[in-house]
*Asks:* 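The structure is given below, and queries will be raised subsequently.
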Amino acid sequence: CVLKLKQQKSPLNKLLEHLLRFLEKRDPHQFFAWPVTDDIAPNYSAIISKPMDFSTMRQKIDAHEYGTLTEFSDDFKLMCENAIKYNHVDTVYNKAAKKLLQVGMKHLQPENMMRSLKPLS
Ligand SMILES: COc1ccc(C(=O)NC2CCC2)cc1-c1cc(C(C)=O)n2cccnc12
């Protein structure tokens with residue numbers, strides 16, 4: 001029936017959900033879990049024109065807004081680069097973003113992805 005078809009996840013969506021869970025685990029303080037607000041980060045919306053966070057990425061996966069792995073990776077990079085831009089180099093957020101970006105880019109390379117996907121196969 002239609003409902004059944006709608007609930008079926010595409011292979012890309014299954015991959016993106018797996019990658020999102022993998023990346024979220026590397027943000028133990030959940031600094032990247034939710035949108036950054038002007039309340040917690042003064043003037044944030046004036047400095048960062050394209051905000052991104054893990055909860056928004058999950059919404060985009062569920063809404064089938066990612067057509068390719070590259071579009072997903074681009075949002076992940078945007079999220080980290082926003083934090084590197086807004087936060088001074090000696091803050092926990094700037095440091096966490098650099099570390100997360102490094103780990104993420106390593107595992108978003110196709111040749112490395114098979115390593116983290118083995119349990120799925
Ligand atoms: C969803 O965003 C957050 C959620 C929780 C926290 C948080 O628990 N901060 C505590 C650690 C010292 C206060 C920080 C943030 C946070 C992320 C960020 C980012 C990602 O730039 N940020 C920048 C300035 C101030 N706070 C933050």
*Asks:* Kindly say whether Met105 contributes a backbone atom to a donor-acceptor pair with the side chain of Gln109 at under 3.5 angstrom?
*Replies:*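 Yes; at least one donor-acceptor contact below 3.5 Å.
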*Asks:* Check the surroundings of atom CD in Gln102: do more than 12 heavy atoms from other residues, nucleotides or ligands lie under 6.0 Å from it?
*Replies:*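 No, CD of Gln102 has 12 or fewer neighbouring heavy atoms, counting only those of other groups under 6.0 Å.
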*Asks:* How far apart are the closest heavy atoms of Asp53 and Ala33, and which atoms are they?
*Replies:*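 The pair with the smallest heavy-atom distance is OD2-O, 3.2 Å.
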*Asks:* Run the side-chain hydrogen bond (donor to acceptor under 3.5 Å, both in side chains) test against Asn87 and tell me which residues pass, sequence neighbours left out.
*Replies:*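 For Asn87, no residue satisfies side-chain hydrogen bond (donor to acceptor under 3.5 Å, both in side chains) once neighbours in sequence are set aside.
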*Asks:* Taking all atoms of both residues into account, what is the closest heavy-atom pair of Arg26 and Val103, and its distance?
*Replies:*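 Heavy atoms only, the tightest pair is CD-CG1, 3.3 Å.
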*Asks:* Any chance you could measure Asn94, atom CG, to Lys99, atom NZ, to the nearest 0.5 Å?
*Replies:*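 Going from the CG atom of Asn94 to the NZ atom of Lys99 covers 13.0 Å.
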*Asks:* For Leu20 and Ile61, what are the C-alpha separation, side-chain angles and deciding distance, and is it a side chain to side chain contact (heavy atoms under 4.5 Å, CB included)?
*Replies:* CA-CA 9 Å; Leu20 185 64; Ile61 292 174; 3.9 Å; yes
*Asks:* Quick one, Leu23 and Phe72 - any side-chain contact, counting heavy atoms below 4.5 Å?
*Replies:*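 In short, these two side chains touch, coming nearer than 4.5 Å.
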*Asks:* Given 3.5 Å as the limit, does a donor-acceptor pair link the side chain of Glu17 with the main chain of Asn13, or not?
*Replies:*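 Checking the backbone N and O of Asn13 against the side chain of Glu17, no donor-acceptor pair under 3.5 Å is found.
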*Asks:* Taking side chain as C-beta onward, heavy atoms only, is Val36 less than 4.5 Å from Ile48?
*Replies:*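 A side-chain contact under 4.5 Å is absent here.
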*Asks:* Rounded at 0.5 Å granularity, tell me how far CZ in Arg58 sits from CZ in Arg21.
*Replies:*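 It is 7.0 Å, given to the nearest 0.5 Å.
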*Asks:* For Thr37 and Tyr44, which heavy atoms make the closest approach, and how far apart are they?
*Replies:*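 Looking at all heavy atoms of both residues, the closest pair is O-CB, 4.5 Å.
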*Asks:* Could you pull out all residues at least two apart from Tyr93 that satisfy ring-ring contact (aromatic ring centres under 6.0 Å, His included)?
*Replies:*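 Tyr93 satisfies ring-ring contact (aromatic ring centres under 6.0 Å, His included) with Phe31 only.
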*Asks:* Tell me which donor-acceptor pairs under 3.5 Å the side chains of residues 73-80 have, and how far apart each pair is, sequence neighbours excluded?
*Replies:*
| from | atom 1 | to | atom 2 | distance (Å) |
| --- | --- | --- | --- | --- |
| Ser73 | OG | Leu69 | O | 3.1 |
| Asp75 | OD2 | Lys60 | NZ | 2.7 |
| Asp75 | OD2 | Tyr66 | OH | 2.6 |

*Asks:* Are His18 and Lys14 packed together at the side-chain level, in the sense that at least one heavy-atom pair is separated by less than 4.5 angstrom?
*Replies:*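 His18 vs Lys14: side chains apart.
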